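The next block holds one structure in the form of structure tokens; read it before the comments.
If you're wondering where the values come from, they're calculated on a predicted model, not measured in any experiment. We name chains A, B, ... by the order of the sequence lines, and we start the count at 1 in each one.
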Amino acid sequence: MTHPNRSEERRAAKPIVRGFYNRDPRIVARELLGKVLIREEREGRLAARIVETEAYLGTDDAAAHSAAGKTARNAVLFGPPGFVYVYFIYGVHYCLNVSCLPDGTAGGVLIRALEPLEGIAMMARNREIELSESPRVPELRSLTSGPGRLAEAFGITRPRDNGKDVTSKAGDLWIGDDGYAVGEIVTGPRVGITKAMDHPLRFMIAGNTYVSGKRPAASGR
DNA sequence: GAGGAGATCGTCT
DNA sequence: GACGATCTCCTCT
């Protein structure tokens, strides 16, 4: 069963080395599941486990932003691995990606959903959501179950975060490994795209309540 | 409960 | 000038 762990009960997360990202986005997307996204704010730390990702393959992938070649907007995807690519979509939302593959080769992973661990009150404030006294899963889920939502919960914007290095604790936005063991992983088609839809490039932790999309099978009630 | 449309603006044609 | 790697709200059933 999935329930938020107390921070004391988890091992401290350690940053993931750059080499981890210097691989095919399909591998990186799969292996990022279970890792922890961390935002250091003056008021405290935000932390949430990555439970859903999508791989975008670069110039050969018609659905990827990098498909048409390098531009000012997508330059990070063509740069070295382990850096943040943030884009603004539909005039409303920011979405968080991490660059993959060596400098000069495009590729990236979109972070689609998180399971909140620490700083839940701050996430709710960022989302302008009022949490109840002891929030239940559906409320927590609404904080970070979707790329636009999680970006808002973590205060991620393009001006603030595009181009940041996620491999160093020195930054205020990084990804760590706390030793969490991921169980079964399921794949599916990517969401919200109109091209190259026949590739199972979406990865989720099987049975995890916090994946995006429609309400998952009832749990914890 | 399900389905559809509007929001709102940066980026590229 | 069109549209997008989304979310929310509203309407209809």
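Between the CZ atom of A/Arg190 and the C1' atom of C/dT6 there is a distance of 16 Å, given to the nearest Å. In this structure, CD1 of A/Ile156 is placed 15 Å from C1' of C/dA5, rounded to the nearest angstrom. Between the OH atom of A/Tyr56 and the P atom of C/dG4 there is a distance of 13 Å, given to the nearest Å. Nucleotide B/dT8 holds its P atom 11 Å from the NE2 atom of A/His93, rounded to whole Å. Rounded to whole Å, atom C1' of C/dG4 lies 9 Å from atom OH of A/Tyr87. Distance, A/Ile89 CD1 to B/dT11 C1': 10 Å, rounded to whole Å. The distance between atom CD1 of A/Ile193 and atom C1' of C/dG4, rounded to the nearest whole Å, is 12 Å. Between the CG atom of A/Asn162 and the C1' atom of C/dA5 there is a distance of 15 Å, rounded to whole Å.
Using a 4.0 Å cut-off, some side-chain N or O of A/Arg149 falls inside it from OP1 or OP2 of C/dT8. Here A/His65 reaches the OP1 or OP2 of C/dA5: one of its side-chain N or O atoms lies under 4.0 Å away. Distances shorter than 4.0 Å separate none of the side-chain N or O atoms of A/Arg73 from OP1 or OP2 on C/dG4.
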Dot-bracket, DNA chain C: Watson-Crick or G-U, under 3.5 angstrom, [ ] crossing, | other strand?
||||.|||||||.

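Among the nucleotides B/dC12, C/dA5, C/dC7, the one closest to any side-chain atom of A/Thr71 is B/dC12. When each of C/dG4, C/dC7, B/dA7 is scored by its nearest atom to the side-chain atoms of A/Val92, the top-ranked nucleotide is B/dA7. Of the listed nucleotides (C/dT6, C/dA5, B/dC12), C/dT6 has the atom at the smallest distance from the side chain of A/Val191. In the set C/dC7, B/dT11, B/dG10, B/dT11 carries the atom at the smallest distance from any side-chain atom of A/Arg158.
Geometric assessment of A/Arg18 against the ring of A/Tyr21 yields a negative cation-pi assignment under the 6.0 Å and 45° thresholds.
Classification of A/Arg160 and A/Glu41 as a salt-bridged pair holds, one side-chain N sitting under 4.0 Å from a carboxylate O.
Grouping the Ile, Leu, Val, Met, Phe, Trp and Tyr side chains by contacts below 4.5 angstrom, directly or via other members, places A/Leu57 apart from A/Ile111. Residue A/Leu96 is grouped with residue A/Val211 when hydrophobic side chains (ILVMFWY) are merged at heavy-atom distances under 4.5 angstrom, including chains of intermediate members.
Listed by residue number, the members of residues 105-114 of chain A with any heavy atom below 4.0 angstrom from DNA chain C are A/Leu110, A/Arg112.
No donor-acceptor distance shorter than 3.5 angstrom exists from the side chain of A/Arg112 to the backbone of A/Ser212, with no hydrogens or angles considered. A distance-only check finds a donor-acceptor pair linking the side chain of A/Arg127 to the backbone of A/Leu143 [under 3.5 Å]. Within the 3.5 Å criterion, the main-chain N or O of A/Ala153 finds a donor-acceptor partner in the side chain of A/Asn126.
A/Gly148 comes within contact range of the sugar-phosphate backbone alone, with a heavy-atom separation under 4.0 Å but no base atom that close. At the heavy-atom level, A/Arg202 lies nowhere under 4.0 Å from the strands shown.
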Are A/Arg149 and A/Glu152 close enough, and set up right, to give a side-chain contact (heavy atoms from CB on, under 4.5 Å), and what steps lead you there?
CA-CA 5 Å; A/Arg149 289 172 169 179; A/Glu152 189 172 77; 5.9 Å; no

Steps toward side-chain contact (heavy atoms from CB on, under 4.5 Å) verdict (A/Val98, A/Phe20)
CA-CA 11 Å; A/Val98 182; A/Phe20 176 93; over 6 Å; no

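By the 30° and 60° cut-offs, the orientation of the rings of A/His65 relative to A/Tyr87 is perpendicular.
Evaluation of A/Tyr90 against the base of B/dA7 yields no stacking contact (centre distance < 5.5 Å, interplanar angle < 30° required).
The P atoms of C/dA2 and B/dG6 are separated by 16 Å, rounded to the nearest whole Å.
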